[in-house]
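Positions are given from 1 along the sequence.
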Amino acid sequence: MRTVIQRVTRASVTVEGRVTGQIGPGLLVLAGFAPDDDARALDWMARKLVQLRIFADEDGKMNRSVQDVGGQVLVVSQFTLLADARKGNRPSYVGAAPPPVAVPLYEQFVGRLEQLLGQPVPTGEFGADMQVALLNDGPVTIVLDSPAAG
């Protein structure tokens, strides 16, 4: 599993002109799933996101988590995060889980985040053409891979 985490002051995702999810201050999480991802990888990533200390404390140091600051999380599925563009000019997506595998992983991941945060987690729409708008705060952007399965 790979995520791109962006600390935002606000973010939204729109599908065919309708907003499917939006948040105020918090994290925009772009999430891509690999075929061998499992519940352990999802749980690891969800816990890491909730506890990642990338929000400022009273001294201006990044020492607080999204949970600590009462922030929100918006999750958008993005299979292109698993692209391999090392050869040629057209990325290969063989490292991304196919929809029958990725959809349940995505839903479980969002559910786990909701449990940990104790609040709903807005999302995009899996497989849709989405427009994502955000105001990156900092900017703070982190790429995070879950540990290898096994």
**Report entry** Step-by-step side chain to side chain contact (heavy atoms under 4.5 Å, CB included) determination, Thr3 to Val143
**Finding:** CA-CA 6 Å; Thr3 59; Val143 178; over 6 Å; no

Report task. Give the intermediate values and the outcome of side chain to side chain contact (heavy atoms under 4.5 Å, CB included) for residues Phe55 and Val66. Result -> CA-CA 7 Å; Phe55 291 86; Val66 69; 3.7 Å; yes

Requested in this report: Please lay out, stage by stage, how Val4 and Thr141 fare under the test side chain to side chain contact (heavy atoms under 4.5 Å, CB included).
Outcome: CA-CA 7 Å; Val4 174; Thr141 302; 3.8 Å; yes

Report task. Under the side chain to side chain contact (heavy atoms under 4.5 Å, CB included) rule, what do Val8 and Leu27 come out as? Steps first, then yes or no, please. Result -> CA-CA 6 Å; Val8 299; Leu27 300 175; 6.0 Å; no

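Using a 4.5 Å heavy-atom cutoff, the side chains of Gln51 and Asp68 are not in contact. Proximity of Ile23 to Val73: side-chain heavy atoms (C-beta onward) are nowhere separated by under 4.5 Å. Looking only at side-chain heavy atoms (C-beta outward), Leu82 and Tyr93 stay at 4.5 Å or farther from each other. Looking at heavy atoms from C-beta onward, Val76 lies in side-chain contact with Met130 at the 4.5 angstrom threshold. For the pair Asp84/Val94, no side-chain contact is recorded, criterion being any heavy-atom separation below 4.5 Å from C-beta on. No side-chain heavy atom of Val121 sits under 4.5 Å from any side-chain heavy atom of Phe109. Residues Gln22 and Val19 have side chains in contact (heavy-atom distance under 4.5 Å, counting atoms from C-beta outward). Counting only heavy atoms from C-beta outward, the side chains of Val29 and Leu74 never approach each other to under 4.5 Å.
Between Phe33 and Tyr106, the ring planes lie perpendicular to each other; the angle is over 60°, past the 30° to 60° tilted range.
With Gln78 contributing its side chain and Leu30 its backbone, the two residues share no donor-acceptor pair below 3.5 Å. Distance alone, capped at 3.5 Å, places no donor-acceptor pair between the Arg2 side chain and the Gly32 backbone. Without hydrogens or angle criteria, Thr20 side chain to Thr123 main chain gives a donor-acceptor distance under 3.5 Å. Using modelled atom types, no side-chain atom of Asp145 and backbone atom of Pro147 make a donor-acceptor pair closer than 3.5 Å. Asp37 places a side-chain N or O within donor-acceptor distance of the main-chain N or O of Met1, the cut-off being under 3.5 Å. Asp59 places no side-chain N or O within 3.5 Å of a backbone atom of Lys61 that could act as its donor or acceptor partner.
Summarising the local packing, CZ of Arg64 is surrounded by more than 12 heavy atoms from other residues, nucleotides or ligands at distances under 6.0 Å. In the displayed structure, Glu58 atom CD is contacted under 6.0 Å by more than 12 heavy atoms of other residues, nucleotides or ligands. Crowding of Asn89 atom CG: a count of heavy atoms from other residues, nucleotides or ligands under 6.0 Å not exceeding 12.
Side-chain N/O atoms of Ser65 and Gln67 include no donor and acceptor closer than 3.5 Å.
Cluster membership check: Leu144 shares its hydrophobic cluster with Ile54, using side-chain heavy-atom separations under 4.5 Å among Ile, Leu, Val, Met, Phe, Trp and Tyr. If you chain together hydrophobic residues whose side chains sit under 4.5 Å apart, Val140 and Leu134 never meet in one group. Under the 4.5 Å side-chain contact rule for hydrophobic residues, Val132 and Val110 do not share a cluster. Residues Val69 and Ile142 share a hydrophobic cluster, clusters being chains of Ile/Leu/Val/Met/Phe/Trp/Tyr side chains in contact below 4.5 Å. Placement of Trp44 and Val50 within a single hydrophobic cluster is found when ILVMFWY residues are connected by side-chain heavy-atom separations under 4.5 Å, directly or transitively.
Looking at every heavy atom in both residues, Val75 comes nearest to Ala31 through CG1-CB, 4.3 Å. Contact detail for Gly21 and Pro122: the closest heavy-atom pair is CA-CB, 3.8 Å. Scanning all heavy atoms of the two residues, the minimum distance from Asn136 to Arg7 falls at OD1-O, 3.2 Å. Looking at every heavy atom in both residues, Leu28 comes nearest to Ala11 through CB-CB, 4.3 Å. Considering all non-hydrogen atoms of both residues, Pro104 and Pro99 come closest at CD-O, 4.0 Å. For the residue pair Val15 and Ala128, the shortest heavy atom distance occurs at CG1-CB, 3.8 Å.
The CZ atom of Arg10 sits 13.5 Å away from atom CD of Gln72, with the distance rounded to the nearest 0.5 Å. Between atom CD of residue Gln6 and atom CG of residue Leu135 there is a gap of 10.5 Å, rounded to the nearest 0.5 Å. For the atom pair CD (Gln119) and CG (Leu113), the distance works out to 10.0 Å, reported to the nearest 0.5 Å.
Asp43 pairs in a side chain to side chain donor-acceptor pair (under 3.5 Å) with only one of the listed residues (Gln108, Arg112, Gln115), which is Arg112.
A salt bridge is absent between Asp38 and Arg40: the closest approach of a Lys/Arg side-chain nitrogen to an acidic carboxylate oxygen does not fall below 4.0 angstrom.
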